[in-house]
Amino acid sequence: MRDLSLHILDIVQNSLKANSTIVKLHIFEKAECNKLGLIIEDNGIGMDSDFLKKVDDPFTTTRTTRKIGLGIPMLKESALKCEGEFNICSEKNIGTKVFATFSIDHIDRLPIGDVGSTMTALITASPDTHFILLAESVKGTFILDTEEIKKTLNGEDGGSEMQNLISINEFAVIQWLKEYINEGLKNIFGGVLNEIDS
């Protein structure tokens, strides 16, 4: 993977395949301990304890199209090779939480990448999923909540049958969301982490 946004895309695709209706993404900077962190949490079907024990093995996958699953092993490798941490917890029929940190100034740390494009690709692919993106640093907090966006597009009541509803995955909305997310992340992670494509 060339940046963290691609790791995010891969892990969230797993969440969607696990029938998640809510996916929370938290990206945070802890400057005092030189860490950039990533938490992806869903309410999908989860994993049983036996599968969870071997989930970071690339030859363990639920895929039927190929016999390897590289998303989780590659994220774990990316975190550990730059003095970070990795953890995953999951409970059957409750959901899954993936946690990874990276030393900000480590030479092997991947750039954050184009999170705006990643999020809009996920929203376009699964417009009914409730996505929450939270970014935090000492500079502030940025939140994107797709349910709030839908309410704004169609009124607090979600619009009536007489109204022409505006879908969150319409082209103009998606273009705006991409720019809004990348601008928000630049405001939060600018400076040392000012590496977000737009």
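Values reported hereafter were calculated over all heavy atoms of this structure, with side chains retained and with hydrogens, waters and symmetry mates removed. In this text the structure is predicted, and so the values were computed from the model without any measurement.
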Within the structure provided, determine whether D114 and K178 are in side-chain contact (heavy-atom separation under 4.5 Å).
yes
Under 3.5 Å donor-acceptor pairs involving side-chain atoms of residues 81-89, not counting sequence neighbours:
none

Distance (rounded to the nearest 0.5 Å) between N43 CG and I22 CD1:
4.5 Å
Between K97 and S90, is the side chain to side chain donor-acceptor pair (under 3.5 Å) condition met? List the steps.
CA-CA 6 Å; K97 186 174 185 178; S90 186; over 6 Å; no
Flag yes if I166 and I123 sit in one hydrophobic cluster, no otherwise; membership is Ile, Leu, Val, Met, Phe, Trp, Tyr, and two members link when side-chain heavy atoms are under 4.5 Å apart.
yes
ring-ring contact (aromatic ring centres under 6.0 Å, His included) partners of residues 114-146, not counting sequence neighbours, each pair once
F142-Y180
Please determine whether residues L16 and M47 belong to a single hydrophobic cluster, defined as Ile, Leu, Val, Met, Phe, Trp and Tyr linked transitively by side-chain heavy-atom distances below 4.5 Å.
yes
Heavy-atom closest pair, residues N182 and S117:
ND2-N, 4.5 Å
Give me the atom names and distance for the closest heavy-atom approach of A100 to A79.
CB-CB, 4.2 Å
Please tell me if the side chains of D105 and N34 come closer than 4.5 Å, counting only heavy atoms from C-beta onward.
yes
Within the 4.5 Å heavy-atom criterion, are T96 and V98 side-chain neighbours or not?
yes
Please report the closest heavy-atom contact between E136 and I188, naming both atoms and the distance.
C-CG2, 3.8 Å
Tell me, please, which residues at least two apart from E91 pass side-chain contact (heavy atoms from CB on, under 4.5 Å).
I94
What pair of heavy atoms forms the shortest contact from L122 to Q13, and how long is it?
CD2-CG, 4.2 Å
Could I get the full list of side-chain contact (heavy atoms from CB on, under 4.5 Å) partners for N187, not counting sequence neighbours?
E183
Working for side chain to side chain contact (heavy atoms under 4.5 Å, CB included), residues R109 and S103:
CA-CA 7 Å; R109 182 185 59 80; S103 291; over 6 Å; no
side-chain contact (heavy atoms from CB on, under 4.5 Å) filter on S5, not counting sequence neighbours, yields D3, V115, T118
Starting at CG of L165, measure out to NZ of K150 and round the result to the nearest 0.5 Å.
11.5 Å
Would L177 and I168 satisfy side chain to side chain contact (heavy atoms under 4.5 Å, CB included), going step by step from the backbone distance to the final call?
CA-CA 9 Å; L177 280 173; I168 196 168; 4.0 Å; yes
Measure the spacing between CD of E179 and CD1 of I174 and express it to the nearest 0.5 Å.
12.0 Å
Tell me if the NZ atom of K30 is crowded by more than 12 foreign heavy atoms within 6.0 Å.
no
Verify same cluster id: L80, L38 (apolar side-chain graph, 4.5 Å):
no
Return the set of residues passing side chain to side chain donor-acceptor pair (under 3.5 Å) with T141 (not counting sequence neighbours), or none when no residue passes.
none
Side chain S137, main chain E29, donor-acceptor under 3.5 Å
no
Between L110 and S78, is a side chain to side chain contact (heavy atoms under 4.5 Å, CB included) present by the stated rule, with each step listed?
CA-CA 8 Å; L110 297 173; S78 291; 3.8 Å; yes
For the residue pair L4 and I27, establish whether any side-chain heavy-atom pair is separated by less than 4.5 Å.
no
Verify same cluster id: L144, L153 (apolar side-chain graph, 4.5 Å)
yes
How close do L36 and I104 get, counting heavy atoms only, and between which atoms?
N-CG1, 3.6 Å
Rounded to the nearest 0.5 Å, how far does CD1 of I181 lie from OG1 of T120?
6.5 Å
From N14 CG over to I72 CD1, what is the distance, rounded to the nearest 0.5 angstrom?
5.5 Å
Reported OG-to-NZ distance for the pair S15 and K24, which is rounded to 0.5 angstrom
12.5 Å
Ignoring hydrogens, what is the shortest heavy-atom contact between M119 and L25? Give both atom names and the distance.
SD-CD2, 3.8 Å
Would a hydrophobic clustering, with Ile, Leu, Val, Met, Phe, Trp and Tyr connected at side-chain separations under 4.5 Å, put F99 with L75?
no
Give the C-alpha distance, both sets of side-chain angles, the deciding distance and a yes or no for side chain to side chain contact (heavy atoms under 4.5 Å, CB included) between I40 and V12.
CA-CA 7 Å; I40 301 170; V12 176; 3.9 Å; yes
Backbone N/O of V23 and side chain of D42: donor-acceptor pair under 3.5 Å:
no
